[in-house]
S.K.: 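If you scroll down you'll find the structure; I have some questions about it.
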Amino acid sequence: MHLLWIKIPALAVLALLPWIPGVPAFWITQMNYIGLYSLVVLGLVLLTGVGGLTSFGQSAFVGLGAYSTAWLTTAMGVSPWLGLLAGLALTCLVAYGLGVITLRLSGHYLPLCTLAWCLALYYLYGNLDFLGRYDGIAGIPPLRLGGWSLAAGQSMYLLIWLVLLLALWATHNLLDSRAGRAIRALRSGSMAESFGVDLAHYKVVIFVYAALLGSVSGWLYAHMQRAVSPSPFGLGYGIEYLFMAVVGGAGSVWGAVAGAAAILIVKDQLQNLLPKLVGNGVNLELLAFGVLMILVLQYARDGLWPVLARIGQWLGGRASDGAPARSRPAAAADLPHRPLPPAGQVVLEVDRVRKEFGGLVAVNDISFQLRAGEIMGLIGPNGAGKSTTFNLISGVLPLSGGQVRFMGDRIDGRPAHDIARRGLVRSFQHVQLLPDMTVLDNAALGAHLRSRAGVVAAALRLDRASEASLLQEAARQLERVGLGDVMDQPAGSLPLGRQRIVEIARALCGDPVLLLLDEPAAGLRYQEKQALAAVLDQLRREGMSLLLVEHDMDFVMKLTDHLLVMDFGTPLAEGVPADIQANPAVLEAYLGGLDDDWDPVAPAPAAAGAPGLHPGAAS
Ligand code: ADP
Ligand code: MG
């Protein structure tokens with residue numbers, strides 16, 4: 001509701017602009033171009049800015065939209081609206097095909113591929129007879145809506161900006177949803193997979209979405225210009241679109257409009273101004289443009305929109321961006337829970353699991369069993385292979401040998417998202433949160449598999465009931481681990497110890513049968529550790545199983561039912577905490593290579609009577 005006093009007058013001015021006396025027709029044309037460019041750039045904000053997939057080839061999709069309608073309305077005489085549908089269908093098909101093939105490529109290969117397909121389509125348009133070769137197609141009819149012709153610049157202006165505002169709304173909705181969290185997690189790689197996000201699927205989705213926006217822009221362009229030729233769909237334009245996304249700022253949907261407007265206006269002004277300053281003979285536009293670009297990137301690294309938003313904030317409201325801050329979400333229907341196996345049933349069976357990194361055997365034929373309602377500890381010096389074991393179990397790394405069974409089914413070789421779907425969820429030793437996203441959204445990412453709300457529902461805001469349930473669950477888990485007070489803060493603003501706790505809440509949102517925690521207590525203060533231990537103990541009593549890597553021996557000895565000690569990838573000892581504390585081989589391993597994280601402590605109350613694991617106990 002905030003900023004309404006700005007939004008309503010701004011929309012009114014926007015809608016009435018062409019009819020305000022004294023506004024030059026040139027401005028309307030300029031606004032039309034800004035709208036057309038913004039549509040394409042909006043797709044890039046999602047694709048490149050949020051999803052991290054760089055494309056130089058968006059102009060090719062604009063061309064598909066433009067040529068489809070141009071050819072159908074001139075050669076076939078069909079309605080432009082059919083031209084739109086055909087263009088969208090063709091773009092969808094081509095983008096899907098290209099996406100499935102090229103989005104697997106990592107690093108520089110994807111941008112290179114986008115260059116290639118952009119050039120290929122450009123030459124295709126230029127060489128096909130029925131598309132008029134490099135002369136293109138002229139005589140495209142204007143759009144008609146009922147009996148009303150949209151031939152005039154003013155009426156195209158209304159249509160273009162209406163479409164743009166709808167696209168901004170839909171994209172904003174999309175980012176603020178289950179699918180949006182998955183898309184924002186695309187850059188994180190394996191982390192999101194571990195919560196059931198099918199990264200490949202969402203990459204293709206945003207790729208097709210961005211292509212469709214380009215296609216719509218092309219359709220509008222063709223009917224505004226009433227003629228098409230290959231040149232506006234070449235590589236130069238593809239690069240310019242990307243430029244606009246970078247300059248505008250990829251963190252917000254409005255960055256698309258800011259970037260398109262800034263570049264079009266500056267380019268235009270330079271074209272007017274420079275010849276007056278330096279005479280007509282020298283073409284300094286590109287040089288001046290490049291210098292401006294460097295300045296923007298130097299002083300507004302995240303683009304212009306964050307700067308504009310800050311000015312808006314300063315002018316008196318809270319600036320809105322891609323992800324609005326929220327406090328505790330409203331009450332909603334509870335998510336269904338997975339039934340937990342009866343206490344004592346074998347949940348996880350690790351059978352001679354092995355991992356080799358080149359010549360290094362990081363995990364050397366480790367075997368153990370974990371039963372329902374049990375907290376098992378995996379301990380050992382740094383480099384013992386504990387985190388690698390976690391990665392093998394959770395499907396983050398492929399095994400070199402051995403088998404893993406979860407609830408009776410083999411899961412080794414299964415993708416991480418499939419393992420998460422079965423109820424095996426984890427946290428990471430090196431915190432893997434999305435630092436710019438709120439704590440609440442980070443936690444809700446963990447509940448990804450507990451809703452099926454899709455991209456279309458999200459864009460049209462039809463997912464609100466299911467989204468409210470997800471957010472409520474995230475809030476509940478955050479409150480459970482003591483983070484209720486920081487839900488609407490960016491996760492990156494929390495101290496590292498508390499970020500680990502966010503990871504636990506995120507894992508709990510996945511409704512796990514088995515929870516794998518890699519050093520959950522690292523970086524916590526004494527009271528925080530006590531509180532964490534109480535939460536983990538409560539989870540065990542509710543029937544959840546936990547596998548824990550932890551260096552704080554006090555914490556481990558008090559909490560666990562059963563311990564496995566690893567050293568150099570091999571199992572050293574296994575048993576109840578009291579026995580492990582007294583095991584000479586374990587003492588030898590630890591005391592021989594005593595390092596910072598070994599924290600000998602007095603025997604824990606749970607292990608009272610057993611000799612303490614400290615130098616004196618060895619004798
Ligand atoms: P821990 O968690 O017990 O401290 P890790 O499982 O992280 O130990 O590492 C075990 C061994 O495997 C270490 O020697 C480490 O350097 C090595 N290692 C871990 N991950 C990789 C990797 N991706 N590539 C090569 N070596 C690795
Ligand atoms: Mg580790």
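All ligand and atom numbering here is 1-based and tracks the order in the structure. Everything numeric here is computed off the predicted structure, so don't read it as measured data.
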S.K.: side-chain hydrogen bond (donor to acceptor under 3.5 Å, both in side chains), that's the test. Do Q477 and E473 meet it? Break it down for me.
M.R.: CA-CA 6 Å; Q477 300 299 350; E473 173 73 2; 3.0 Å; yes

S.K.: Strictly inside 4.0 angstrom of atom 16 (O) of ligand 1, do you find any protein heavy atom?
M.R.: no

S.K.: For ligand 1, which atoms, with element, lie under 4.0 Å from some heavy atom of T388?
M.R.: 5 (P), 6 (O), 9 (O), 10 (C), 19 (C)

S.K.: Between S400 and E356, does the side-chain hydrogen bond (donor to acceptor under 3.5 Å, both in side chains) criterion hold? Intermediate values first, please.
M.R.: CA-CA 6 Å; S400 309; E356 291 162 19; 5.0 Å; no

S.K.: What I want to check is whether the side chains of E374 and S545 have a donor and an acceptor closer together than 3.5 Å.
M.R.: no

S.K.: Decide ring-ring contact (aromatic ring centres under 6.0 Å, His included) for W117 and F61; before the verdict, give the C-alpha distance in whole Å, the side-chain angles of both, and the deciding distance to 0.1 Å.
M.R.: CA-CA 10 Å; W117 88 60; F61 299 124; 5.7 Å; yes

S.K.: Please round to the nearest 0.5 Å and tell me the distance separating atom CG of L572 and atom CG of L563.
M.R.: 12.0 Å

S.K.: What protein heavy atom sits nearest atom 8 (O) of ligand 1, and how far off is it?
M.R.: G385 N, 3.2 Å

S.K.: Can you list, by chain and residue number, the protein N, O or S atoms under 2.8 Å from the Mg ion (ligand 2)?
M.R.: S387 OG, Q429 OE1

S.K.: Ignoring hydrogens and geometry, is there a side-chain-to-backbone donor-acceptor pair from R371 to Q345 under 3.5 Å?
M.R.: no

S.K.: Please could you name the atoms of ligand 1 that A384 approaches to less than 4.0 Å, counting only its heavy atoms?
M.R.: 1 (P), 3 (O), 8 (O)

S.K.: Should you measure from each heavy atom of S387, which atoms of ligand 1 turn up under 4.0 Å away?
M.R.: 1 (P), 2 (O), 6 (O), 7 (O)

S.K.: Side chains of R540 and Q538: is there a donor and an acceptor less than 3.5 Å apart?
M.R.: no

S.K.: Output the list of atoms in ligand 1 that are nearer than 4.0 Å to some heavy atom of N382, sorted by atom number.
M.R.: 4 (O)

S.K.: Side-chain contact test, heavy atoms from C-beta onward, threshold under 4.5 Å: evaluate it for Q58 versus V41 and give yes or no.
M.R.: no

S.K.: Do D351 and F368 have side-chain heavy atoms sitting under 4.5 Å apart?
M.R.: no

S.K.: Looking only at protein heavy atoms, which one is nearest to atom 4 (O) of ligand 1, and how far off is it?
M.R.: G383 N, 2.7 Å

S.K.: May I ask you to check whether over 12 heavy atoms, not counting those of H337, lie within 6.0 Å of atom NE2?
M.R.: yes

S.K.: Can you report which non-hydrogen protein atom sits closest to atom 18 (N) of ligand 1, along with the distance?
M.R.: F357 CE1, 3.5 Å

S.K.: I need the contact type for L360 against ligand 1. Using non-hydrogen atoms and a strict under-4.0 Å cut-off, is it side chain, backbone, both or neither?
M.R.: side chain

S.K.: Under 4.0 Å from any heavy atom of A362, which atoms of ligand 1 are there?
M.R.: 11 (C), 12 (O)

S.K.: Using the rule given for side-chain hydrogen bond (donor to acceptor under 3.5 Å, both in side chains), can you reason through T171 versus Y209, listing the C-alpha separation, both sets of side-chain angles and the distance that settles it, and then say yes or no?
M.R.: CA-CA 9 Å; T171 311; Y209 187 93; 2.8 Å; yes

